[in-house]
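Just so we're on the same page: letters track the sequence lines, and every chain starts at 1.
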Amino acid sequence: MRLNDEQQMLQDSVARLMADKGPVSRLRELRDNRDEKGYDQPLWQAMVEAGLTGILVPEEHGGIAFGLVGAGLVAQEIGRNLSVTPFLSTAVLGATALSTGATAEQQSQWLPAIAEGTALVALAVDEGAKHRPDNLSTRYEGGKISGDKLLVLDGHVADLLLVAATDGSGSALYLVDPKASGVTIERTIMVDSRNAARIRFDNVDAEPMADGAAALQTALRAGRAVLAAELAGLSREVFERTLGYLKERKQFGRLIGTFQALQHRAAQLMIDVTMTEALALQALDACDNNADDADAQVFAAKGKAARTALLAGQEGVQMHGGIGMTDEFDIGFFLKRARAGGETLGDANFCADRFATLGGY
Amino acid sequence: MRLNDEQQMLQDSVARLMADKGPVSRLRELRDNRDEKGYDQPLWQAMVEAGLTGILVPEEHGGIAFGLVGAGLVAQEIGRNLSVTPFLSTAVLGATALSTGATAEQQSQWLPAIAEGTALVALAVDEGAKHRPDNLSTRYEGGKISGDKLLVLDGHVADLLLVAATDGSGSALYLVDPKASGVTIERTIMVDSRNAARIRFDNVDAEPMADGAAALQTALRAGRAVLAAELAGLSREVFERTLGYLKERKQFGRLIGTFQALQHRAAQLMIDVTMTEALALQALDACDNNADDADAQVFAAKGKAARTALLAGQEGVQMHGGIGMTDEFDIGFFLKRARAGGETLGDANFCADRFATLGGY
Amino acid sequence: MSDLEQFRAETREWLQANCPEEMRQPVRGPEDHCWGGRKWQFQSDAQRVWMERMAEKGWTAPQWPQEYGGGGLTPEQAAILDEEMKRINARTPVSNFGFWMLGPALLKFGSDELKRKHLPPICRGEIRWCQGYSEPNAGSDLASLQTRAEDKGDHFLVNGQKIWTSYADKADWIFCLVRTDPNATKHNGISFVLFDMETPGVTTRPIELISGESPFCETFFDDVKVEKDAVVGELNRGWDVAKYLLTHERNNIGGEPPGYLKGRALGPLAAEHVGTENGKLADSALRADIARLETDHMAFRALVAKVRAEAEAGEGVGALSAVLKYYGTELNKRRYELMMDAMGAEGLEWESERTQGGMFASEWLRSKGNSIEGGTSEVMLGIVSKRVLGLPDA
Amino acid sequence: MSDLEQFRAETREWLQANCPEEMRQPVRGPEDHCWGGRKWQFQSDAQRVWMERMAEKGWTAPQWPQEYGGGGLTPEQAAILDEEMKRINARTPVSNFGFWMLGPALLKFGSDELKRKHLPPICRGEIRWCQGYSEPNAGSDLASLQTRAEDKGDHFLVNGQKIWTSYADKADWIFCLVRTDPNATKHNGISFVLFDMETPGVTTRPIELISGESPFCETFFDDVKVEKDAVVGELNRGWDVAKYLLTHERNNIGGEPPGYLKGRALGPLAAEHVGTENGKLADSALRADIARLETDHMAFRALVAKVRAEAEAGEGVGALSAVLKYYGTELNKRRYELMMDAMGAEGLEWESERTQGGMFASEWLRSKGNSIEGGTSEVMLGIVSKRVLGLPDA
């Protein structure tokens with residue numbers, strides 16, 4: 001697919017915004033200052049003002065309803081700059097879940113707040129080391145939820161928790177107030193310096209949605225597709241920084257970019273990055289158009305993006321040599337995010353497994 | 001492990017024998033002449049005279065009982081020259097099965113004949129596209145065998161068939177006369193120009209062994225280990241021919257072996273080949289010593305050898321360019337044998353699966 | 001009804017009326033592909049009739065100008081024709097290097113005279129072309145070619161040897177790179193000339209491939225007389241034409257496998273051979289490998305679609321064609337390896353009816369040439385690193 | 001009882017009597033490793049006592065000559081000591097670059113005077129050494145180093161900067177490559193010198209790695225006075241010493257993972273995290289990846305065993321050390337990637353007690369340096385292709 005003019009404009013303006021207000025140096029500051037909120041508040045505010053927090057919120061709730069392709073374009077720039085915001089948790093996962101499955105009342109309460117930037121939302125799905133959304137232990141019974149969750153992105157600053165639980169008949173999302181009695185939240189800082197929380201729910205009041213099952217599935221799909229775009233952007237940035245280094249670093253009296261073995265590997269990396277970008281956008285577009293194979297495309301895109309980002313991070317560090325191993329240099333941040341982002345909402349093997357099942361083998 | 005003097009002498013003499021009497025050009029002749037027997041009879045006769053047919057036959061039955069390391073050394077040279085003989089079917093699989101599990105009478109009848117070169121033996125195990133020796137449909141009941149076998153190496157020239165069948169309690173080997181009533185043999189010529197047969201057994205007289213289950217398992221293990229050595233030898237030969245070409249072929253006014261990308265790939269291939277050789281010998285030695293992890297070593301060796309030989313074949317053709325694609329040039333024969341040998345007695349995935357199971361995961 | 005809608009309706013009706021039933025059956029093997037030319041033996045009346053009817057409409061070369069025998073269709077119309085043909089599974093009526101390669105070169109570089117002389121016979125399927133590029137010592141380094149065309153006043157005298165000439169033994173004419181100025185630097189002094197394969201002094205010898213097929217020949221030129229007006233483009237500037245065609249050729253590779261795997265999904269095919277457990281392939285490593293391959297292929301198709309969309313918007317493909325050539329052929333090789341993994345012993349039989357004479361192994365072996373012919377993978381990566389990434393030479 | 005059997009019996013008895021119980025516990029983290037030296041803070045009395053007792057026997061450097069403080073053991077005896085220590089899980093009593101690197105260099109190249117001066121304090125764990133090789137512009141291309149040692153008559157004056165100096169901030173002395181003849185060609189004019197890190201003009205600055213650790217420093221030399229008899233080997237021939245040590249260093253890499261994965265099989269570890277179905281890992285792609293890795297690792301170990309057996313038979317390792325360095329570190333990186341795949345979210349926690357402060361992710365990140373330090377994988381492949389395969393330069 002090619003971007004239309006509107007999408008192209010969005011991409012240009014977001015690229016400027018993220019490079020100006022959310023560069024990698026901000027991630028470093030937040031990490032080094034052990035920031036309490038753990039995300040870039042001025043940047044988030046700027047995103048609110050630009051309407052980006054409402055990019056998936058329907059217009060009647062104050063959003064701009066730009067669709068997943070739009071959200072993916074934002075995520076690409078987030079990936080390039082490693083900008084730290086609750087965009088994925090709130091503007092993508094939260095907004096998609098609520099607009100898909102919430103009751104009219106729930107939507108009116110939360111969707112405008114998301115668009116206006118007055119509420120952060122976190123999705124609580126995972127329970128163990130690996131993402132297994134169809135095999136949950138967390139129970140919903142008689143209006144109450146009990147269970148243990150982890151990898152709840154931005155869980156320690158959220159105003160609303162959307163908790164995946166099973167009532168015996170299947171998995172669905174439920175609304176939980178993080179301040180409700182029985183909720184215990186432990187902030188955990190991940191290798192990529194992002195926030196995730198471990199949250200215990202001990203017989204906590206929970207509110208069902210109109211269609212919490214659809215909300216869960218649709219949010220997961222949207223999140224995977226947007227993460228694919230973020231990882232594609234990250235990969236592109238690592239590739240470009242590495243290519244720049246190959247054109248600048250000398251050893252043995254010549255630019256290291258003149259060594260053919262590195263040239264071929266750089267070319268192969270570029271090809272993977274370029275394909276990953278194309279696939280991520282195509283998958284986002286397939287979701288927006290409710291294409292028949294949208295699920296397969298999203299699993300392919302997320303799986304491919306996870307592999308490409310990790311490869312880019314590995315090659316980026318290796319080709320930078322010793323300097324790439326230092327914390328002072330930025331490239332390591334990309335490698336760390338590549339792994340964390342790759343793991344989130346299902347790693348490459350998870351995606352391949354689903355992709356194969358959809359393919360009938 | 002390192003070879004002892006005796007083993008070193010064996011290797012040297014076999015290397016001379018195979019290079020003299022069984023070079024790749026013989027394979028080409030046999031193929032082009034559509035040889036009826038389908039194997040190199042003069043070479044086989046020379047191997048009989050050198051005692052190699054009895055390399056796994058106990059001395060009391062006229063063999064030299066050199067052990068699997070010895071058989072592996074022979075197989076390495078067979079791999080280097082693509083020599084076409086019933087060594088695997090008769091001298092390895094047949095001799096191992098009979099000396100492991102046959103009755104004293106059966107041993108006296110067949111083992112001297114193998115050593116003397118007066119009998120060829122073929123093992124009939126596989127029944128479908130893939131090697132699944134623990135899941136057989138061929139039945140043994142009341143002294144009779146019924147079932148369909150394929151990939152029976154040298155099956156159309158064998159004097160004795162060892163047929164894997166189940167009597168309901170487990171898989172074991174049974175002796176069948178290929179001329180017995182109810183046996184239908186179809187010679188099939190494989191991509192590597194070797195023989196394999198499809199054989200139908202329709203209520204055929206069969207003779208049980210003393211321990212046909214052990215005979216089957218031990219023969220399969222020996223066969224895999226020896227095949228690993230053959231594929232290691234094949235890989236070494238492809239590597240050396242390709243390295244020679246890199247030092248001889250010019251393009252763009254320079255030897256193609258000066259291109260760094262090819263240099264690194266050649267180095268990586270050499271490393272894989274060298275590791276594969278070391279692992280194959282170690283696995284053979286582990287079998288000879290009945291080491292605790294002999295099974296794991298053999299699965300590792302066969303799996304690794306299958307992957308290395310295929311990689312060598314692929315890189316060999318690619319680095320030779322157009323000439324490598326021609327039938328007139330020999331390199332394609334190695335690629336063909338790499339795939340056929342890799343498939344025989346369990347491909348790399350089969351071996352990895354068994355290896356993982358033995359590792360408890 | 002818009003013009004395009006009307007075009008679609010008329011096309012559908014015409015195809016329905018004119019495409020013989022037999023030409024709507026899937027292609028069973030290479031012999032079902034109509035190459036055309038003086039030596040062509042039609043497999044059936046239907047094959048001949050279908051070619052002639054399409055040629056009459058100009059639809060054997062839908063987008064070429066009508067004055068040269070083409071259909072004069074716009075890209076949108078050509079896409080509709082393509083869709084309508086696919087809808088009824090209509091076979092390609094005729095195809096050879098004249099359509100894929102020489103035609104585009106002539107349309108871009110040829111004189112009006114050359115176009116009038118050569119394009120209509122191509123469109124009518126009367127002349128089958130082959131390509132004379134590579135030489136034994138000029139493979140990846142094509143520009144070092146040594147076949148000479150000496151200027152003898154009223155004609156050239158061509159001497160030398162080509163290799164990898166596709167179907168030279170079956171073709172009628174050749175387009176050929178020859179050195180017309182031996183004193184010029186490597187890339188200069190090469191001309192792109194056309195001549196009849198029946199000219200005295202031309203001999204061919206088929207090359208048998210490891211796959212058992214012989215689609216290529218060695219071709220020898222011994223004092224072959226070639227008309228001086230048979231040069232496409234400027235004298236000594238043949239490299240420009242060749243480069244254009246190489247890029248064009250690489251563009252045509254979309255990573256879709258030919259032959260047996262065409263249109264067949266690998267996963268279900270593997271399931272037939274290795275079996276399933278709980279609905280999943282019994283060989284779980286193979287399942288993972290196939291899923292990774294198909295994921296990569298989906299990514300590749302997304303890239304191809306993007307490149308095509310950009311090309312249609314006039315952004316040009318340029319060196320990205322090397323990306324597509326490289327990755328498409330490498331994917332194809334991976335796919336055939338996995339097919340062989342899946343088929344096991346059944347894929348290995350060579351001389352048997354069961355495998356139609358070793359079709360599976362033959363296609364697997366043939367795929368190894370994909371990353372050599374038309375520019376090796378190594379050359380493609382070199383082009384990408386130099387021209388796309390801008391990495392410097394040593 | 002043979003001599004060796006008697007040696008084993010005596011060793012076993014001595015170890016039993018002298019190795020403190022605490023020193024038989026598995027190492028829990030880097031702090032349990034005793035580096036020795038002037039600044040060393042013993043973690044416990046047991047750690048101190050164990051080092052001292054072993055030093056007294058000369059068994060901190062079992063095969064070094066007794067006159068220099070070593071144990072004077074034969075290779076066979078040393079192997080027995082090693083086995084007996086492993087049998088009771090005895091920790092290494094003390095270890096640092098003095099043992100691994102400087103000692104072997106001094107034993108091969110050093111004067112008797114230098115050996116007498118430096119080896120005994122190493123054996124006693126009194127002096128901890130660091131290595132001054134790389135510079136900001138001399139990494140893979142080490143021989144282009146620029147740190148200068150000017151001949152000032154009775155001493156050298158050293159100026160320059162080193163990078164990747166392991167634990168320079170914790171070491172007492174440094175062995176260091178300096179340029180003593182700026183006019184000689186690149187590989188000549190380099191000398192291998194020794195000096196005290198407390199010499200005026202030496203400063204160090206730790207470098208934080210992406211793994212969060214700081215095992216390396218930048219080290220600056222500003223008019224550092226170095227004695228002229230502190231040169232190991234010949235003046236201006238320090239490259240020979242460095243090359244010898246680099247090969248020696250590469251030999252020490254057997255592909256066994258350090259840290260958390262040491263002695264832990266990946267398959268069962270993965271089973272704990274991703275779960276099993278019918279006794280097989282629930283993630284079948286991961287299962288295939290692990291089996292392939294472990295197969296490759298078994299092949300690598302077979303090669304290492306072969307190379308060692310050949311080395312013991314006096315055939316020499318030579319350029320094969322580059323093979324081992326390359327493949328061992330690449331394997332290790334693959335292993336950590338698969339560990340992270342297996343651990344999922346639990347491996348990603350960074351600041352948490354659960355992960356002992358991000359131990360898993362930290363070790364994964366640290367492994368990325370393995371294919372850079374001690375010669376990059378690219379340099380190793382270059383050595384292999386030139387020196388083992390004999391491929392020519394361009």
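- With a 4.5 angstrom heavy-atom cutoff, B:L262 touches chain C only via side-chain atoms.
- For C:A143, no part sits under 4.5 Å from any heavy atom of chain B, backbone or side chain.
- Counting heavy atoms from C-beta on, the side chains of C:E351 and B:R34 come closer than 4.5 Å.
- Looking at C:S140, the atoms closer than 4.5 Å to chain B (heavy atoms on both sides) sit in the backbone and in the side chain alike.
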Can C:E346 and C:R354 be said to form a side-chain contact (heavy atoms from CB on, under 4.5 Å), step by step?
-> CA-CA 8 Å; C:E346 289 175 7; C:R354 238 175 262 110; over 6 Å; no
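- Both the backbone and the side chain of C:E337 come within contact range of chain B, with heavy atoms under 4.5 Å apart.
- Proximity to chain B involves both the backbone and the side chain of C:S371, based on heavy atoms less than 4.5 angstrom apart.
- Interface remark: B:L151 contributes side-chain atoms only to the contact with chain C (heavy atom separation under 4.5 Å).
- Two residues are said to be in side-chain contact when any heavy atoms from C-beta on lie closer than 4.5 Å; C:E208 and B:E328 fail this criterion.
- Both the backbone and the side chain of B:T326 come within contact range of chain C, each with at least one heavy atom under 4.5 Å from a heavy atom of that chain.
- With a 4.5 angstrom heavy-atom cutoff, C:S377 touches chain B via backbone and side-chain atoms both.
- For chain C, no part of B:I331 is nearby; none of its heavy atoms comes within less than 4.5 Å.
- When heavy atoms are compared at a cutoff of 4.5 Å, B:Q318 approaches chain C by way of both its backbone and its side chain.
- Interface residue B:R198: only side-chain heavy atoms are found under 4.5 Å from chain C.
- For C:A282, no part sits under 4.5 Å from any heavy atom of chain B, backbone or side chain.
- Ring geometry for B:H320 against B:F329 counts as tilted: the plane angle lies between 30° and 60°, on a 0 to 90° scale.
- Contact annotation for C:I207: only side-chain heavy atoms (C-beta onward) come within less than 4.5 Å of a heavy atom of chain B.
- For a residue to count as touching a neighbouring chain, one of its non-hydrogen atoms must lie under 4.5 Å from one of that chain's; by this rule B:D353 does not touch chain C.
- Heavy-atom distances place both the backbone and the side chain of B:I189 under 4.5 Å from chain C.
- Residue B:R187: no heavy atom, backbone or side chain, is found under 4.5 Å from chain C.
- C:S367 and C:N370 share no donor-acceptor pair across their side chains, judged by distance under 3.5 Å alone.
- There is no contact between B:R194 and chain C, counting heavy-atom distances below 4.5 Å.
- When side chains are defined from C-beta on, B:D327 counts as touching B:R31, because their heavy atoms get closer than 4.5 Å.
- Using a 4.5 Å cut-off between heavy atoms, C:M343 touches chain B through its backbone atoms (N, CA, C, O) alone.
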